[in-house]
Amino acid sequence: MKRLLAVALCAAMAVSAGACSGADSGSSEKTSSAGSQAVSAAAGSSAPQPMRYVAPGSDWPMQDEVIAKVNEKLQADGVNIEVKLQRIPWDAWDQKTQLMISSGEEFEMLHVMQDKKQVGILYGQGALAPLNELFDSGKYDDLKSKFTDNVWKEVTSQGNILAVPAMSTANQGKSYGDISYRKDVADKLGLKTPTTVDEVIDFAKAIQAELEKETGKKIYAWGGTGRPAEWYLRSLDEDYFYVDTALTLVKVDQDGTVSSWVESEEFKNSCKLYERFNKEGLIHPDSLSLGHEYGSNEILYGRWAIGFDSGMPVENEQQLQKNVPGAEIGVFQLAPEKNDFITFYTYNCNAVPVTSKHPEAALDFLQWLYSDQENHDLFMYGIEGETYNAVGDNRKEKILGEDGKALYQYDEWQIAYQPLRRFEDGMSDRLIALDSRRRDLDEEAVVSVATGFMFDSTPVADAAANLSAEAESLLAPLKCGLVSYDEGFESALSTLKAAGLDEYLAEYDKQFQEFLSGQSK
């Protein structure tokens, strides 16, 4: 039955069109397993169990060498597994991972982005294996102790532990509504920090015009449309609310009311705001087709006016300054006096697919990875002196290839553990302080009533699959302001209704009210 359900996955692990990378697939779908013969010999008569990790992204030049060293150390530490890293390019991620599961292909660990598709939905669609028995065995108590009960709740559905959290920061789900910008350009122009939406537009246009004059190229704003525009929502004179991260179709108010996000006044106004950005020339006209990598490169080479909802991660300032000497990142919020809003403790996690015959291999690897700084450094940053240099207790310096890109640097957001993470050497005290604000859960923050709730889509599997296939393609042009809300919304809503929106909302409301009742007992 799980296999049949998996076959029916329709965009079950979908990444929004705006988040897809234009990276060349090239060798990125190969499996890194260099050094396997040496590892097998080191293991003696018992061959190591493969730990095949499927994750989004492209390979690095020294990936094979690093993974070989990882496997050597695993064997030396008595962990008889062999890591085989399979990176799948963003533009093939959805289709490839669906096919792997539906065809029964064996692999031991799958990266899951909960802001795209929650583990509860994937479990309901027959894609993930529960991990309760493994954790109940006591063998993985050290791994379990790395995360708080609240964090574990977010990877648990119907009592089933479905994944291990990836806590690259301590509070990824804290809603900041940050707006990042080219601080050096704003300072040069003598611009004041905006306090209203109108001022944000004028601020962005001024930076855009100055950069266009300097570079001769049209500069745009990036970010803030994949999920609800938190930077804008925090400026509203009303209570906070949560919008589901799975399909961004459900709105949950702090009093527990469940309603349709896409039919709300806030969604309408957000679309109209981005339509205004588009008319002002702040949105790239091809932003939906250019892909994630294009936008990232524009940002890293300083060709951006403003970034919404942390569109420019502060830890990238070093790379930006290498490309554009003197460039600085600034960050501000509208309504800064408001408390932050916690909706998720972690967006990312790593799960075991139902096709795995050895789910313990994934937990063996993660427990090893998070148990020791040396282990963490090796997998995350590579070989010291060849792919990075350690600086002090918590800093690092990446070693770059001739093309100016890292020889190896695993994506921290996918699997890093915050207490063992290294920051880029040279990161300014100002940005370290800002990153610390991100890591420290503010006791005054407002916690969403939906935090910890996991929706099980099994009772409405057909509607969930249909909506998953339709929602992003229908709503993305509206959210980006590339299609007029007045002209495109009714048609989009009609299609969503036909796909099962009302049925989906009703089931969501039913389960959420049961969740609230359980919380009060």
Side-chain angles (χ1 to χ4, degrees), residues 31-33 39 48-57 66-67 69-87 106-114 119 122-123 127-156 160-170 172 345-382 410-422:
T31 300
S32 292
S33 57
V39 171
Q49 166 59 44
M51 204 300 291
R52 291 157 286 199
Y53 181 25
V54 175
V66 170
I67 298 302
K69 291 290 185 182
V70 168
N71 286 326
E72 288 176 11
K73 192 169 191 309
L74 282 163
Q75 290 296 298
D77 292 344
V79 183
N80 196 28
I81 60 174
E82 180 184 8
V83 173
K84 298 186 177 185
L85 182 58
Q86 184 170 356
R87 303 270 290 175
E106 286 187 50
F107 60 103
E108 286 64 47
M109 194 161 74
L110 172 72
H111 186 75
V112 177
M113 294 161 279
Q114 293 223 78
V119 292
L122 295 176
Y123 177 68
L128 303 183
L131 305 174
N132 298 52
E133 289 187 12
L134 289 171
F135 279 111
D136 289 345
S137 71
K139 179 181 178 182
Y140 302 103
D141 286 350
D142 184 58
L143 176 59
K144 196 168 185 181
S145 70
K146 299 297 183 185
F147 310 100
T148 65
D149 290 343
N150 283 333
V151 174
W152 280 113
K153 285 179 183 178
E154 291 191 328
V155 292
T156 301
N160 296 300
I161 300 174
L162 301 174
V164 176
M167 292 292 286
S168 57
T169 65
Q172 293 178 29
Y345 287 97
T346 179
Y347 283 132
N348 298 92
C349 55
N350 292 290
V352 175
V354 293
T355 57
S356 173
K357 294 181 180 179
H358 296 278
E360 72 281 357
L363 298 194
D364 286 343
F365 172 70
L366 292 171
Q367 183 155 267
W368 174 86
L369 179 67
Y370 297 154
S371 67
D372 183 83
Q373 183 72 56
E374 185 180 354
N375 298 346
H376 192 268
D377 284 348
L378 180 57
F379 182 78
M380 297 306 305
Y381 312 122
Y410 201 86
D411 307 81
E412 291 182 315
W413 59 272
Q414 289 184 17
I415 200 171
Y417 182 54
Q418 176 59 37
L420 301 178
R421 179 185 168 202
R422 289 184 181 273

### Task
For the pair L134 and K139, evaluate side chain to side chain contact (heavy atoms under 4.5 Å, CB included) and give the outcome as yes or no after the intermediate values.
CA-CA 7 Å; L134 289 171; K139 179 181 178 182; over 6 Å; no
### Task
Just do the side chain to side chain contact (heavy atoms under 4.5 Å, CB included) check on V164 and F365 with the steps written out, would you?
CA-CA 11 Å; V164 176; F365 172 70; over 6 Å; no
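The line from CD1 of I415 to OH of Y410 is 6.0 Å long, rounded to the nearest 0.5 Å. Here SG of C349 is found 8.5 Å from CG of L162. Values are rounded to the nearest 0.5 Å. Between the CG atom of L378 and the CG atom of N71 there is a distance of 9.5 Å, given to the nearest 0.5 Å. In this structure, Q86 CD and H111 NE2 are separated by 15.0 Å, a value rounded to the nearest 0.5 Å. Interatomic distance, L369 CG to N375 CG, rounded to the nearest 0.5 Å: 7.0 Å. Atom OG of residue S137 and atom CG of residue L131 lie 11.0 Å apart, to the nearest 0.5 angstrom.
Residues V79 and D364 share a closest heavy-atom pair of CG1-CB, 4.1 Å. The two residues A361 and I81 make their nearest non-hydrogen contact at O-CD1, 3.8 Å. Scanning both residues, A163 and V119, for their nearest heavy atoms gives CB-CG1, 4.1 Å. Contact detail for M380 and E412: the closest heavy-atom pair is CE-CA, 3.7 Å. Across P165 and W152, no two heavy atoms sit closer than the pair CD-CZ3, 3.6 Å.
Within 6.0 Å of CD on Q373 lie more than 12 heavy atoms contributed by other residues, nucleotides or ligands. Applying the 6.0 Å contact sphere to CG of D136 captures more than 12 heavy atoms from other residues, nucleotides or ligands. More than 12 heavy atoms of other residues, nucleotides or ligands lie within 6.0 Å of CD in E106, so this atom counts as buried by the packing criterion.
Of the possible donor and acceptor atoms, one in the side chain of D372 sits under 3.5 Å from a partner among the backbone N and O of E374. In this structure, N350 contributes its side chain and Q414 its backbone to a donor-acceptor pair below 3.5 Å. A donor-acceptor contact shorter than 3.5 Å is absent between the side chain of E154 and the backbone of Q114. Side-chain atoms of E82 do not come within 3.5 Å of backbone N or O of P50 as any donor-acceptor pair. The main-chain N or O of Y417 is found under 3.5 Å from a side-chain atom of H376 such that the two form a donor-acceptor pair. A side-chain donor-acceptor contact under 3.5 Å links Y381 to the backbone of R422.
F379 has its ring centre no less than 6.0 Å from the ring centre of Y370.
The shortest side-chain heavy-atom distance between V70 and W368 falls under the 4.5 Å cut-off. Using a 4.5 Å heavy-atom cutoff, the side chains of E133 and P359 are not in contact.
For Q367, the side chain to side chain donor-acceptor pair (under 3.5 Å) criterion is met by no residue, not counting sequence neighbours.
With M109 as the partner, the side-chain contact (heavy atoms from CB on, under 4.5 Å) test is satisfied by one option alone out of V54, V83, L366, V352: L366.
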